[in-house]
There are 2 protein chains.
Amino acid sequence: MTSQQHADLWSGERPEAARRLLLAAVDAFATRGFHATTTRDIATAAGMSPAALYIHYPSKAALLAEISRQGHAATLALVEEAAAHSDDPRLRMRRLVEEFTAWHARGHTVGRIVNYELRALPAEDFEVVAELRRRIEDTVKQVIEDGVAAGVFHTPETRTAARAVTSLGIDVARWYNERSSETPQQLGERYGVLVLRMLGA
Amino acid sequence: MTSQQHADLWSGERPEAARRLLLAAVDAFATRGFHATTTRDIATAAGMSPAALYIHYPSKAALLAEISRQGHAATLALVEEAAAHSDDPRLRMRRLVEEFTAWHARGHTVGRIVNYELRALPAEDFEVVAELRRRIEDTVKQVIEDGVAAGVFHTPETRTAARAVTSLGIDVARWYNERSSETPQQLGERYGVLVLRMLGA
DNA sequence: TCAGTAACTAAGCGCTTGCTTAGCATGTTG
DNA sequence: CAACATGCTAAGCAAGCGCTTAGTTACTGA
């Protein structure tokens, strides 16, 4: 159940019990949603009593905030790295879509929390996360604008195009699961082709 | 707050108090999510005491099921109509994306419930709704396959392409709101252009 | 040796939840 | 005009919620 993705994202989390709680929370929030998940669910899945949760995290919402912040930070890093990877906007965009899509497939549990549990975040955590989201979208928009300026993309509304590109990746977290016929990498490659055509490359 | 969309979808709902409850539930479920919404929220917004809800609906989940069933049925009708509208797969697909996208923008509250509250549905209601969703996706896929067969679309994986097309529309319900700079119709037209290019038309 | 600390549990507190019960107006019908 | 149906409210119940308290155990270091 717990995918490799989680283990990597929080491999440095100490003490180990805190990490187990985080992984249990990711699975529970992704499967049932934040509000339908109880602190007893999380603690039990991590092999502890409910009270033990509060030694490592001050509240249920703090667990959500930790997952959302880290998930968003990792996504932004991935997008920025792909966008800086070459000089050709086509290669940058293809790499960006490949990685962004594969990330949302491989980490669809974290992806669901990141994208669909924003409302449940405490106000100040939401602010932090909203800024990360803005930077992700701006990075995508910048690659498109670079491509338009270079004459390799042909799309009049870069904001709308950026929305479409990010939408494709984000929505993968909603429908993808381990039983899907495509691997995350395959899906990324196919979406990369579709997006380049969509942008008129 | 209550958009025209809702009023149209449930204009025939009698008695009028039942309709008011339904509209209040749509707003509340879309804004806060099903599990974060209380029966007191819904009843108060509809101008009644909590007990009055149970005269018109047997449970909170029954309200959700009613919204989800009707929302899915309306979406399927819209998609099937657009898909049957002409002989040219390009015109059919453009119309389909225009209407599907505009629908998710105009009715983003209902759209959020339809697409993001499936987990909260009672099992038997979920089955009904899952079948409607299958038919929506199959209709989209069929238009793509018709286009490939006619030589006007060029995309090797029709299932993946259908996923991408529906994803674009569905995700609109997540981010669109009344303050968005594009009208639902504008957005539909722009997405129609992007999708046709994506399909290699 | 033993005070101090970190990690935990059993028990439960105060509150909110979905939903029920009992009863009250209003309007309709034989 | 009695009998009933409809649509509602005030009050509240049992269950479950997030979180706290008080205490136990195992380990560390002077």
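So you know, we letter chains A, B, ... as the sequences are listed, proteins then strands, and number each from 1.
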Got a sec, which residues hit side chain to side chain donor-acceptor pair (under 3.5 Å) with A/Glu99, two or more places apart in sequence or on another chain? none

Using atom CD of A/Glu16 as one end and atom C1' of C/dC8 as the other, report the distance to the nearest whole Å. 14 Å

Heavy-atom contact window of chain A on DNA chain D, given 5' to 3' at under 4.0 Å: D/dC17 to D/dT21

Separation between OG1 of B/Thr109 and CD1 of B/Ile67, rounded to the nearest 0.5 Å: 9.0 Å

Among pairs that include at least one residue of residues 191-201 of chain B, which meet salt bridge (Lys or Arg N to Asp or Glu O under 4.0 Å), considering only residues two or more places apart or in two chains? none

For B/Asp41 and C/dT17, give me the distance from atom CG to atom P, rounded to whole Å. 7 Å

Going by the salt bridge (Lys or Arg N to Asp or Glu O under 4.0 Å) test, which pairs reach into residues 44-54 of chain A, not counting sequence neighbours? none

Suppose the criterion is side chain to side chain donor-acceptor pair (under 3.5 Å): which pairs have a residue in residues 73-84 of chain A, not counting sequence neighbours? A/Thr75-A/Trp103

One character per nucleotide, please: for nucleotides 18-24 of chain C, 5' to 3', B when the base has a protein heavy atom closer than 4.0 Å, S when only the sugar-phosphate does, - otherwise. BBBB---

What pairs meet the salt bridge (Lys or Arg N to Asp or Glu O under 4.0 Å) rule with one or both residues in residues 34-49 of chain A, with sequence neighbours excluded? A/Arg32-A/Asp41

Can you pull the ring pair (Phe, Tyr, Trp, His ring centres under 6.0 Å) pairs that have at least one residue in residues 28-73 of chain B, sequence neighbours excluded? B/Phe29-B/Phe34

Can you list everything that forms a side chain to side chain donor-acceptor pair (under 3.5 Å) with B/Glu137? Sequence neighbours excluded, please. B/Arg163

